[in-house]
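This report refers to the structure that appears directly beneath it.
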Amino acid sequence: MTTPYPFTAIVGMPDLRLGLLLNAVNPAIGGVLVRGEKGTAKSTAVRAVAALLPQQDVVSGCRFGCDPQAPDPRCPDGPHGVAAAEHRAAALVELPVGTSEDRLIGALDIERALAEGVRAFEPGLLAKAHRGVLYVDEVNLLQDFLVDSLLDAAAMGVVHVEREGVSVRHASRFLLVGTMNPEEGELRPQLLDRFGLTVEVAASRETEERVEVVRRRLSYDADPDGFGARWADEEETLRDRIAAARSLLPTVTLDDAALRRIAATCAAFEVDGMRADIVMARTAAALAAWDGRTDVRAEDVRQAALLALPHRRRRNPFDAPGLDEDKLDETLREHGDDDGPDGDPDPDPDPGGPDGGSGDDSPDDGGRPPRGGTDEPGVPEQRAKNTRDAPAHQAASPDQEASEQPTSPEQQAPRPQSGAQPGERPPARASEPFRTRVLTVPGLGEGAAGRRSRARTAHGRTSGARPPRGALTALHLSATVRAAAPHQRTRGRSGPGLLLRREDLREAVREGRESNLVLFLVDASGSMAARKRMSAVKGAVLSLLLDAYQRRDKVGLITFRRAGAEVALPPTSSVDAAAARLESLPTGGRTPLAAGLLTAREVLRVERLRDPARRPLLVAVTDGRATGGPEPVRRARRAAGLLAAEGTASVVLDCETGPVRLGLAAELATALSAEAVTLDDLRADAVTGLVHALRDTAGTVPTPRRAA
């Protein structure tokens, strides 16, 4: 087995190291969500911290990793009584993005259960991770029902499996670590809240630090064992410190002053629910234990807030996680005592940490970054660097936007983008988003689970049965019995048991909802350039993007103006990126509608090759005008006909306004075999109002026609 990269050899990233170490001290904190750009050693750090966890005793032969000193009384492999113990390292379990629910929570051996009449249960990854580390790379790409099961187990410490009349329960307590690249999409806010802490990581822009990263990595790749041996003493020291902090943690006292600071901080930042308060309390206690203290200070509360609150401040998927540290310090001062928010100064601060980021390889502070007020050396500079390093596409939070609003009329006018051509209008701000009506793809798909269109999925209502395709995952019991019943006499059945063969098994066919590829084709030409109109259009598209986020869709953005069309955003799961591209969209020039439609056709062709099961929905946002080049209207209708002939589901968002309307968008919808929807009709409340009106006048409610 290859020697893992030493945790103490990691350069920089103090917040990441601290978050991992605090969860190693107290897994009840709820894990760490690591957000950051690709190539920032997120996975390396997680695998490295697993090697630091103290070794543990487990009941010999127990598949669920029970502690011999306190075995789970309801362990499926128990009762254990006085059992032999074996000594082993803490488990590191990696959860693949494409895993199944059975692999995660465990599966029943259906064939043995029916043929032999025994309750046979095969443990899943949650059982294997008990008392260890469960690592989910790209957690934002994990299917929602898997994330729900995962986070429920992390919060409760118990896994329940209820399936086909068999009930299994076992303990599952682990250090949960999820990593994600925000460019590939966000987690839902309610799932973000289930992670105890979150940290942002970005590659250093300091030349010497980058040189040291490369030097150490090349040295490790050349001789993993030799590199690990050079860091063995530091690793052992840090391992002992984790064990000591774990032992000290039960004696740490959270006095009323610390609890008031925690409650006041959570109230000041208006976080939802009480989970943030509890996580902050556990984190502050772990910080005190990590420093070898039994009292929680204001500095512990401040650091706990910086780790536990940023991701809970998100109000919608376009808000970047963050925390106003000036407001945090002010809150702590108002509800603190004489020591202020910084607490007593550390008598011997060591900002270098175990990674040698400052040139010192000493592991004394175990990865803890400098803490305290903003007067502390190095803290403002580091925060400024993190701000510069943040991805450019991340949208600002409402608080940030409010603080950055210009005051003078000259400042209020949006500035054109760099490189803007003469005659272009500066980008218009989007109007307030609203709840939209549901746009769906007709028919029954088999794409990734989501919340938009009808599909055959692993979860949902049972609509039929069929012979299993591969491993049996969802038994249809009555269909299996019906298939086996005619053969019982010929198979020589003489007892009460049912004689089954593999060919008798039937799996349930279930119908639920799938996610789709929503491709936006936005007209950015001069005919759309009126600021009020473009603001309304952007607000409508932003509303549809919010809807796509909630329904777990992929999105793409194509714009057309002047001489052609541009793929502003290739299909991606990052709705944030689409919103950022939309916000900076300039307008002006002619209307090459045909070029936009043909570009959309090509993008969809490529996406069908990449992901054949994901069905697309084209949303054309235009007033239907076509100008520029020879026969622009005819060419646009011909391009629309090609999309219709290929069966592309489309919706035309008619942006034409004013007392005189040409109806060109409706003509385009006819050519696309699509439905034309006005900006007003897109609102969900408009559909609701229509239904109420029909109920009042006719007494019946016809089924609203969904967009084709």
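From a predicted model like this one, the values you see are computed outputs, not experimental measurements.
With respect to Arg47 and Glu94, a salt bridge is recorded, a charged nitrogen being found less than 4.0 Å from a carboxylate O. Residues Arg615 and Asp553 are not paired through a salt bridge, judged by the lack of any N-O separation under 4.0 Å between the basic side chain and the carboxylate. Salt bridge absent: Lys554 and Asp611 never bring a charged side-chain N and a carboxylate O closer than 4.0 Å. With respect to the salt-bridge test (charged N to carboxylate O, under 4.0 angstrom), the residues Arg169 and Asp72 qualify.
For the residue pair Ser453 and Glu514, no side-chain donor N or O sits within less than 3.5 Å of a side-chain acceptor on the partner.
Here the closest non-hydrogen pair linking Gly196 and His311 is O-CE1, 3.7 Å. Scanning all heavy atoms of the two residues, the minimum distance from Thr462 to Ala508 falls at CG2-CB, 4.1 Å. The nearest pair of heavy atoms linking Ala448 to Arg614 is CB-NH2, 4.0 Å. Residues Arg452 and Asn516 come closest through the heavy atom pair CD-OD1, 3.2 Å. Taking all atoms of both residues into account, the shortest heavy-atom contact from Asp77 to Gly61 is OD2-O, 4.1 Å. Across all their heavy atoms, Ala153 and Leu126 have their closest contact at CB-CD1, 3.9 Å.
The shortest distance between side-chain heavy atoms of His130 and Val159 does not fall below 4.5 Å. At a threshold of 4.5 Å between non-hydrogen side-chain atoms, the residues Leu52 and Glu235 count as touching. Side-chain contact between Leu95 and Leu142 is present, with heavy atoms from C-beta onward closer than 4.5 Å. Using a 4.5 Å heavy-atom threshold, the side chains of Ile242 and Trp290 count as touching. Residues Leu104 and Ser149 have side chains in contact (heavy-atom distance under 4.5 Å, counting atoms from C-beta outward). Counting heavy atoms from C-beta on, the side chains of Val139 and Phe195 come closer than 4.5 Å. Contact annotation: the side chain of Asp15 never approaches that of Val201 to less than 4.5 Å [non-hydrogen atoms, C-beta and beyond]. At least one side-chain heavy atom of Arg216 sits less than 4.5 Å from a side-chain heavy atom of Phe227.
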Let's go through Gln56 and Arg88 carefully: what are the C-alpha distance in whole Å and the side-chain angles of both, what is the deciding distance for side-chain contact (heavy atoms from CB on, under 4.5 Å) to 0.1 Å, and is it a yes or a no? CA-CA 6 Å; Gln56 54 193 219; Arg88 71 179 188 189; 4.2 Å; yes
#### Entry: Stepwise side-chain contact (heavy atoms from CB on, under 4.5 Å) test for Arg241 and Thr237
CA-CA 6 Å; Arg241 186 172 178 185; Thr237 301; 5.8 Å; no
Trace of the side-chain contact (heavy atoms from CB on, under 4.5 Å) decision for Asp221 with Arg217:
CA-CA 6 Å; Asp221 291 340; Arg217 185 68 208 191; 3.2 Å; yes
Could you walk me through whether Asp300 and Arg293 satisfy the side-chain contact (heavy atoms from CB on, under 4.5 Å) test, starting with their C-alpha distance in whole Å, then the side-chain angles of each, then the deciding distance to 0.1 Å, before giving a yes or no? CA-CA 11 Å; Asp300 300 319; Arg293 293 182 276 103; 3.0 Å; yes
Exercise for review: Kindly determine whether Thr480 and Asp504 satisfy side chain to side chain donor-acceptor pair (under 3.5 Å), including the steps that lead there.
Suggested key: CA-CA 6 Å; Thr480 298; Asp504 299 331; over 6 Å; no
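One finds the CG atom of Leu517 at 10.0 Å from the OG atom of Ser573 (value rounded to the nearest 0.5 Å). Annotation: the span from Asn140 atom CG to Asn181 atom CG amounts to 7.5 Å, rounded to 0.5 Å. The line from CE of Met280 to CG of Leu306 is 9.0 Å long, rounded to the nearest 0.5 Å. Remark: Arg230 CZ to Asp223 CG distance equals 7.0 Å, nearest 0.5 Å. For the atom pair CG of Leu444 and CZ of Arg456, the computed distance is 4.5 Å after rounding to the nearest 0.5 Å. Within the model, atoms CD of Glu234 and OG1 of Thr8 stand 5.5 Å from one another, a figure rounded to the nearest 0.5 Å.
Geometric assessment of Arg551 against the ring of Tyr549 yields a negative cation-pi assignment under the 6.0 Å and 45° thresholds.
With sequence neighbours left out, the ring-ring contact (aromatic ring centres under 6.0 Å, His included) criterion links His170 to Phe64. Take Gln69 and apply the side chain to side chain donor-acceptor pair (under 3.5 Å) test, not counting sequence neighbours, and it matches no residue. Listed by chain and number, the residues in a side chain to side chain donor-acceptor pair (under 3.5 Å) with Arg173 amount to none (sequence neighbours excluded).
Under the 3.5 Å distance criterion, the side-chain polar atoms of Arg17 are matched with a main-chain donor or acceptor of Gly12. Arg506 places no side-chain N or O within 3.5 Å of a backbone atom of Ala483 that could act as its donor or acceptor partner. The main-chain N or O of Val509 is found under 3.5 Å from a side-chain atom of Ser463 such that the two form a donor-acceptor pair. Between the side chain of Arg239 and the main chain of Ala51, a donor-acceptor pair closer than 3.5 Å is present. Side-chain atoms of Tyr135 never come within 3.5 Å of backbone atoms of Thr179 as a donor-acceptor pair (strictly under, hydrogens ignored). When atom types are taken as modelled, the side chain of Asn26 and the backbone of Leu22 share no donor-acceptor pair closer than 3.5 angstrom.
When each of Leu309, Ile278, Val279 is paired with Cys266, the side chain to side chain contact (heavy atoms under 4.5 Å, CB included) condition holds for Leu309 and for no other.
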